[in-house]
Amino acid sequence: MNLSKLVRDGLWTNNPGLVQLLGLCPLLAVSNNFVNALSLGLATLFVLTASNLTVSAIRNVVRPEIRIPVFVMVIASLVTLVELVMNAYFQTLYDILGIFLPIITTNCAIIGRAEAFASKNRVGPALIDGFMMGLGFLLVLVVLGGAREILSLGTLGQGLNLLLGAGFEDAYWTLIPNTDGLLLAALPPGAFIGLGLLIALKNFIDARVKRWRQPSPVASAAAPAGA
């Protein structure tokens with residue numbers, strides 16, 4: 001299994017948020033600021049990595065007819081673990097994320113990787129695939145959440161104390177001082193527009209890279225025949 005391909009697929013060429021367009025409900029609903037997006041992204045990263053690891057480890061002892069219910073039970077168990085930990089140590093974040101924590105269980109990106117990759121590959125590649133897919137999803141969440149917070153509040157990182165402790169209460173950046181903010185960025189339509197712009201940016205970059213890699217017509221014509 002090609003390690004670099006797993007990395008490229010997760011972060012860019014097959015990114016769950018920008019290419020597969022999976023798990024969009026929590027991605028759009030919770031990405032109204034940086035901290036919320038980072039928290040849900042970390043929870044999804046853990047569940048995706050651990051579920052890929054577990055599914056790959058048990059793939060030879062699970063009958064094909066019952067594999068999907070078993071995969072869902074594995075994912076639901078991991079999500080319950082995340083919920084219990086957040087409820088115990090990050091109570092405010094647990095309340096803010098609300099229903100979007102348990103519905104990680106139904107995140108198509110997670111069940112999709114379990115079925116399409118982890119159930120057919122060894123533990124090592126499955127672990128890397130889950131981590132890179134989860135990291136790609138987290139990065140999209142963080143970029144979208146950060147951009148929406150900057151546009152709506154002019155700050156980046158408000159509420160870090162909810163994740164890192166009371167010592168980080170004032171640990172945020174004011175990037176646009178004395179701003180009234182763009183209300184649209186904080187509302188659900190802002191999430192759709194922001195994600196659309198990110199997808200457009202990725203497609204633009206891919207098109208530019210593809211054009212850059214193609215040989216120019218002049219160079220092709222100047223090349224000697226049979227070279």
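What you are looking at is a predicted structure, and each value in this text was computed from that prediction instead of being measured.
- Here the straight-line distance linking atom CG of L127 with atom CE of M132 works out to 11.0 Å at 0.5 Å rounding.
- Once rounded to the nearest 0.5 Å, the distance linking CG of L53 with CD1 of I58 reads 10.0 Å.
- Taking hydrophobic clusters as Ile, Leu, Val, Met, Phe, Trp and Tyr residues chained together by side-chain heavy-atom distances below 4.5 Å, Y89 shares a cluster with L78.
- Taken to the nearest 0.5 Å, the CG atom of L144 stands 9.5 Å off from the CG atom of N32.
- Atom CH2 of residue W212 and atom CD1 of residue I205 lie 14.0 Å apart, to the nearest 0.5 angstrom.
- Side-chain contact of E83 with T80: a donor-acceptor pair under 3.5 Å is absent, judged by distance alone.
- Among all heavy-atom pairs drawn from E149 and G157, the shortest one is OE2-N, 3.0 Å.
- Looking at L21 and L24, their side chains come closer than 4.5 Å, going by heavy atoms from C-beta outward.
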Q: Before giving the answer on side chain to side chain contact (heavy atoms under 4.5 Å, CB included), spell out for N107 and I103 the whole-Å C-alpha distance, their side-chain angles and the decisive distance to 0.1 Å.
A: CA-CA 7 Å; N107 189 316; I103 68 170; over 6 Å; no
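- A salt bridge is absent between E115 and K120; no separation between the charged side-chain nitrogens and carboxylate oxygens falls under 4.0 Å.
- Pairing each heavy atom of L195 with each of L18, the nearest pair is CD1-CD2, 4.2 Å.
- With values rounded to the nearest 0.5 angstrom, F34 atom CZ is found 5.5 Å from L156 atom CG.
- Looking at M133 and F137, their side chains never come closer than 4.5 Å, going by heavy atoms from C-beta outward.
- What you find for F100 and C25 is that their closest heavy atoms are CE2-O, 4.1 Å.
- Atom OG1 of T49 is separated from atom CG of L135 by 8.5 Å, given to the nearest 0.5 angstrom.
- Here the closest non-hydrogen pair linking R148 and A185 is NE-O, 2.7 Å.
- Side-chain contact check for T155 versus Q158: some heavy-atom pair is nearer than 4.5 Å.
- Of all non-hydrogen atoms in L97 and M86, the two that sit nearest each other are CD1-CE, 3.8 Å.
- Residue V85 is grouped with residue L138 when hydrophobic side chains (ILVMFWY) are merged at heavy-atom distances under 4.5 angstrom, including chains of intermediate members.
- Considering only heavy atoms from C-beta on, L101 stays 4.5 Å or farther from V79 through its side chain.
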Q.
For I104 and L40: C-alpha separation, side-chain torsions, deciding distance, then whether side chain to side chain contact (heavy atoms under 4.5 Å, CB included) applies.
A. CA-CA 9 Å; I104 291 177; L40 186 69; 4.0 Å; yes
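- A pairwise comparison of heavy atoms in G130 and L48 identifies O-CG, 3.5 Å as the closest pair.
- Between L81 and F46, some side-chain heavy-atom pair lies under the 4.5 Å cut-off.
- Distance alone, capped at 3.5 Å, is enough to place a donor-acceptor pair between the N15 side chain and the L11 backbone.
- Counting heavy atoms from C-beta on, the side chains of I75 and I111 come closer than 4.5 Å.
- No donor-acceptor pair closer than 3.5 Å links the side chain of S56 to the backbone N or O of N52.
- Linking ILVMFWY residues whenever their side-chain heavy atoms come closer than 4.5 Å, directly or via other members, places I68 and I110 in the same cluster.
- Under the 4.5 Å side-chain heavy-atom criterion for ILVMFWY residues, no single connected hydrophobic cluster contains both L45 and L84.
- No option in V35, N36, L42 other than V35 meets the side chain to side chain contact (heavy atoms under 4.5 Å, CB included) test with S39.
- In this structure, D206 pairs ionically with K202, as a charged nitrogen and a carboxylate oxygen lie closer than 4.0 Å.
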Q: Determine, step by step, whether S119 and F71 satisfy the side chain to side chain contact (heavy atoms under 4.5 Å, CB included) criterion, reporting the C-alpha distance in whole Å, the side-chain angles of both residues, the deciding distance to 0.1 Å, and the verdict.
A: CA-CA 9 Å; S119 65; F71 296 167; 3.7 Å; yes
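- Both F131 and L3 are part of a single hydrophobic cluster, where members link through side-chain heavy atoms under 4.5 Å apart.
- Put simply, the side chain of L160 does not reach to within 4.5 Å of the side chain of Y172, judged on heavy atoms.
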Q) Could you go step by step and tell me if L38 and L163 meet the side chain to side chain contact (heavy atoms under 4.5 Å, CB included) rule? A) CA-CA 9 Å; L38 177 62; L163 190 63; 3.7 Å; yes
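- Counting heavy atoms from C-beta on, the side chains of D129 and R113 come closer than 4.5 Å.
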